[in-house]
Each structure stands twice: as structure tokens, then as C-alpha cells.
Amino acid sequence: MPDVSSPLLHDSLRQHLAVSHPDFSDTLIGLYFFYLKGNRALMLGQSPPKKSDALLRRFHHNLRRKEANNAPLKILFLAAVVGCLAGVLGVMFSRAVNWVVALRTESVIDLNLSLWVSVPLMFLISGGLAMLGYLLVQRLAPEAGGSGIPEIEGALQNIRPVRWWRVIPAKFIGGMGTLGAGMVLGREGPTVQMGASAGQMVHDVCRLNNKSSRHTLLATGAGAGLAAAFNAPLAGILLIIEEMRPEFRYSLVSIHAVTIGAIMSTVVYRFFDGQLPMLEVAQDLLAAPLETYWLYLVLGACFGVVGTMFNTLILQAQKAFQHVNGTSKLRFIVTGGIIGGSIGAIGLMYPSISNDGFHLIDRISAGHFSLALLASIFFLRLLTTVASFSSGAPGGIFAPVLALGTLFGTAFGMAAMIIFPDYDMQAGTFAVAGMGALFAATVRAPLTGTILVLEVTASYQLIMPMLITCLGATLVAQALGGQPLYSQLLERILLRQKKAETNNEHS
């Protein structure tokens, strides 16, 4: 009986079959060896291989693979550290922005000056604060401009660097300037980017050479940053799993790490700021009647159209600002100062169209505005949101989009109550449903939008209207051919990088 394990037999058989059957040589070798093994076992008085033995071997092989995929304790511990750092940064940033806003407004109001003096004074103060933010972005970390989330998506793809030693101070202090000036920007973009930068910092400090560890800690910090911004751990996890799904590498390690990071950042937030939801708009709202569900689908379709137009407006405005500023650093800073000063001065007279909009949501959903006033505030805030975000200021867009969605949803609900008086409806339910719908249509993440609003408002009785509206908005936006906002912004960043490298080569 030939030795089945003999390499000489294997080589000679391979050479023979390579000539006679070049397409099936490997298959025939495997079958022949199986035949030899069976005959050899019979000749030695052994039973041939059984199917149950093969299944048992496969089970143990899969078990070893599963055990190998168990999350290393070191990475999970570091994920908890990253979550705590992101939570601390989020709480500190929120309090710092609130302090600057209060100091700016109270210092002017307490002077009891006439509007002819207080408005120009507010323009100068707000413009100076905004210029500080633009200056830090321009000189310290250009990647800290805007939301920062596209930069993190690029970092997860290993196509953008994370210079945490520059990004964290530029985003923190610069965000204090732009958001403190009253510009229509959100705090979640800075906290997400700073949280991810904290993940990179922990990776570098611990001298981890594993690329998967870097990717995991980056994603952990980003999710923890959103959780700390909104007191919303599930939304932080879903941001990574759903919105960043093309970049996120799914594994048991990464999922556990992101979950731990979101939990720890939320614990830090609640330790300092309490456990209540950020908004209490849904306490008096009842579950929507079944016969009104189709109206939420219509509302979602409207948001799909509005979200696609909003993304186009953001991109066109960004292109216009880049054309105006060109390569001039001074012009970039001065333009930002003019925008920040103008919005801050107007906000002194009309507070509804400045800041992130969270102060508006309670009043809007309670029905304190007429239909005409809602429409006016919506269009004015749309302009200030586009101007603030597209100019390159360090700040996010989540909160302004939530405020715009609340305005549009409330207006839709009030109109529906007039058109269908027989339905037992509340305008506030449409406000809550619309809050996440524009977000879902803009970034193409319906589950994240639903859970984010659910955690921010604790409106669990309205989960069905929110799901219907967010999903409808996403499907319509997709049908219209719109692309997720952050993906388009990342593409713009890469194109600018390519253009700059080309110009450097020619020079």
C-alpha cells in the first residue's frame, strides 16, 4: 500500500494529471487521496472516515475560530478609556459653549444700550469670536473645519490622517468661538471628531501597531462622541453601524468596543448633567391614531425632497465660498467673521434664527407659533444654517437639522389638522416625527434618526410615526438620486487634496 502522505507520490501524481487532466488535477488528487485513505483504513482493520467525524472536526474548527474572535480585554479596556475621554470632552465642550454664549449675550444686554449701539457691538463681539474659530482652523488644523465626521469616515478608510494633537484644541477652542458667536451650528460634529481623535490618541500613546485596533478605537471614539453630545448611547452605536457602515469593519471586537465606548461616555454625561432626556417635548403627546399613519408617510416623502434639496444647497454654497475665498487665508477668516458677526447681531433681535435651535424645539412643538411664523423661521434658519456650515466653520449640523425638521413637521401637522379636522391629531406628534426625518434624508440613516429622537425626547409612544416618516424620507431621497451628505463632503475633501498636491508638483 503506497504511503498516502508521501510527497513524491503527490508530486508524480500532480505531474501526471497536469498533463492528462489540466482542469481537474487538484480535484482528482483530492478524490484519489480520499480513496487511498479509505482502502488503507480497511486494510489495517480500521473503519473508513465517517461523515460524523468530519462534522465533529468542523464543529471544533468553528469553535476555535469563535474563541479567536473573542474581544481582547486590552482593547475593551481601552475602549472604555476612550469612551470616558469622549464623555469628558463632550461635557466640557458643551459647558464651555454655554458659558461663552451667556457671557456674550449678557454682557451686551446688561449695558441697556439702544439697538443702534447694541447691534453693532454684538456684531463686533460675535465676529471676533467667529474669527477666532476660523483662524484656528486655518492655522492649526484645516481638517477641523466643518462637521469633522467626513474626516473620520476618511480615517476609517485609511485615506485621511488624524492629527489629534492639533484637531482636539482647534475643534474645542474654535468651536467655542463659532458656536459661542451664535452661529447656527451643532455641538455633535465637534464631539464626534474629538472623540475619534481621542481614540487615535489612546492608540498612539499605548503604541499599538495593529491597524484593526486603530480602526476599532477610532470608531469607538466617534460613537462615544455622539452619545455624549445627545445623551443617546444607542444613537452613538447606530451612527457607526448604519451611517458609517461602508467604512466600519464589523467584528465581535469592534461591536463590543463601540458599545462599551458609548456606554462609558453616556455614564460620564449623566454623572455631570443628570439622567433626564435633553428635551421634554413629548410628555403631553399621545400615540398617533392608526388612521393617521398615512400622513406620516406623506410627511416623510416631503422630507425626502427637502433633504435632497438641502444637501444640494449645502454643496453649492460650499463651492461658492471656496470660489470667493480662493487660496487666501485672510479672506477665509474675514468672511467667517462677517458671517458670525451678522448672525450674532441678528440673533440679538431675533433669537429664533441663531444658535443650534435646541432652545426652539420645546416652544415649536408646544404650538406657540402660527403657521406663517413657522414658515418664516424655517426659511430664515435654512439660510443661516447653510451659511454657517458651508463657510467651513468648526461645528456640526445635526442639531440645526433637527430644529429645521421640527419646524417643517409642526407646520405640516398644523396644516393637516386644518385639512382633516375629523382626525384626532396633535401637531406635536408631527414635530417629533419630523425632527429625525430631515436628518434621515440628509445622511441616509433612518434608524439612527429614529433612535436619536427617541432618546433625546423619550417619546417612546411615537416610535411608529417616527419610523414611518424617517424611512419614507430615506426612500424618497434615494429614489431622487441624492447621495448621503457626509460621503459627498468627503469626496470634496479628497478632490481638494488632489488639486493641492497637483499644484505643489507643478510649482
Side-chain angles (χ1 to χ4, degrees), residues 123-154 160-161 163 166-167 169-186 189-190 193 310-347 353-354 380-397 400 485-507:
F123 175 85
L124 293 176
I125 296 175
S126 299
L129 289 170
M131 289 178 69
L132 172 64
Y134 286 89
L135 176 65
L136 288 174
V137 166
Q138 185 62 54
R139 295 294 179 88
L140 192 59
E143 63 268 30
S147 164
I149 294 179
E151 290 285 347
I152 302 306
E153 292 185 353
R160 292 295 294 169
R163 302 185 298 173
R166 289 176 174 265
V167 169
K171 202 75 171 186
F172 193 100
I173 302 174
M176 286 176 59
T178 53
L179 274 74
M183 298 183 72
V184 186
L185 298 165
Q193 189 174 19
F310 179 78
N311 286 3
T312 303
L313 194 58
I314 288 285
L315 295 173
Q316 292 300 320
Q318 189 183 69
K319 184 178 180 180
F321 276 114
Q322 292 171 358
H323 178 73
V324 170
N325 296 330
T327 58
S328 174
K329 298 179 180 179
L330 179 61
R331 197 178 301 169
F332 172 78
I333 297 171
V334 172
T335 302
I338 293 173
I339 295 172
S342 301
I343 295 176
I346 295 173
I353 61 174
S354 65
L380 289 174
R381 284 195 64 88
L382 179 64
L383 294 177
T384 54
T385 300
V386 171
S388 299
F389 186 76
S390 301
S391 63
I397 201 171
L485 178 61
Y486 294 132
S487 299
Q488 297 182 79
L489 292 176
L490 177 58
E491 184 180 9
R492 290 281 184 93
I493 293 171
L494 297 175
L495 289 174
R496 289 199 302 270
Q497 179 181 347
K498 181 180 178 181
K499 183 179 179 180
E501 292 175 352
T502 304
N503 293 336
N504 292 335
E505 291 177 357
H506 290 312
S507 61

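One is the number of the first residue; the rest follow in order along the sequence.
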Student: Looking only at heavy atoms, what is the nearest atom pair of G182 and S354, with distance?
Tutor: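 Minimum heavy-atom contact is O-CB, 3.5 Å.
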Student: About how many Å separate CG of L494 and CZ of R492, when rounded to the nearest 0.5 Å?
Tutor: 12.0 Å
Student: Applying side-chain contact (heavy atoms from CB on, under 4.5 Å), name anything that partners A317, two or more places apart in sequence or on another chain.
Tutor: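 Per chain and number, A317 pairs via side-chain contact (heavy atoms from CB on, under 4.5 Å) with V386, S390.
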Student: Answer whether the closest heavy-atom distance between the side chains of I152 and Y486 falls below 4.5 Å.
Tutor: no
Student: At their closest point, which heavy atom of A181 faces which heavy atom of A130, and how far apart are they?
Tutor: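 Reported closest heavy-atom pair: CB-N, 4.1 Å.
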Student: So for atom CZ, which belongs to R139, do other residues, nucleotides or ligands contribute more than 12 heavy atoms lying within a distance under 6.0 Å?
Tutor: no
Student: Taking the side chain as everything from C-beta on, heavy atoms only, tell me whether R160 gets closer than 4.5 Å to L490.
Tutor: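 A side-chain contact under 4.5 Å exists here.
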Student: Can you tell me if Q497 has over 12 outside heavy atoms packed within less than 6.0 Å of its CD?
Tutor: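 Yes.
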Student: Dump the intermediate steps for side-chain contact (heavy atoms from CB on, under 4.5 Å) on I173 and L140, then the final yes or no.
Tutor: CA-CA 11 Å; I173 302 174; L140 192 59; over 6 Å; no
Student: Check for a donor-acceptor pair, side chain of E143 on one end and backbone N or O of P161 on the other, with a separation under 3.5 Å.
Tutor: no
Student: Nearest 0.5 angstrom please: M183 CE to I339 CD1, how far?
Tutor: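 Spacing of CE (M183) from CD1 (I339) equals 5.5 Å.
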Student: Measure the CG-CE distance between L330 and M131 for me, rounded to the nearest 0.5 Å.
Tutor: 7.5 Å
Student: Do L129 and L179 have side chains that approach each other closer than 4.5 Å (heavy atoms only, starting at C-beta)?
Tutor: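 Side-chain contact under 4.5 Å: no.
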Student: Distance check, rounded to the nearest 0.5 Å: K171 atom NZ versus L136 atom CG?
Tutor: 12.0 Å
Student: Which atom names give the shortest non-hydrogen contact between T384 and I343, and what distance separates them?
Tutor: O-CD1, 4.1 Å
Student: P400 versus F389: any side-chain heavy-atom pair under 4.5 Å?
Tutor: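 SC-SC contact between P400 and F389 ruled out.
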Student: What pairs with N325 under side-chain contact (heavy atoms from CB on, under 4.5 Å), at least two apart in sequence or on another chain?
Tutor: F321, R331, F332, T335
Student: Stepwise, does the side-chain contact (heavy atoms from CB on, under 4.5 Å) test hold for V334 with Y134?
Tutor: CA-CA 9 Å; V334 172; Y134 286 89; over 6 Å; no
Student: Return the CD to CD distance between E151 and E153, rounded to the nearest 0.5 Å.
Tutor: 10.5 Å
Student: Measure the shortest side-chain to side-chain distance between S388 and L185 over non-hydrogen atoms and say whether it is less than 4.5 angstrom.
Tutor: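 Contact flag for S388/L185 side chains = yes.
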Student: Applying side-chain contact (heavy atoms from CB on, under 4.5 Å), name anything that partners L380, two or more places apart in sequence or on another chain.
Tutor: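 Partners of L380 by the side-chain contact (heavy atoms from CB on, under 4.5 Å) criterion, ordered by chain and then number, come out as I353.
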Student: Looking at T178 and A393, what are the two nearest heavy atoms and their distance?
Tutor: CG2-CB, 3.9 Å
Student: Once rounded to the nearest 0.5 Å, what's the spacing between atom CD of Q488 and atom CG of L315?
Tutor: 4.5 Å
Student: Looking only at non-hydrogen atoms, find the nearest pair between P142 and R163 and report the distance.
Tutor: CD-NH2, 3.7 Å
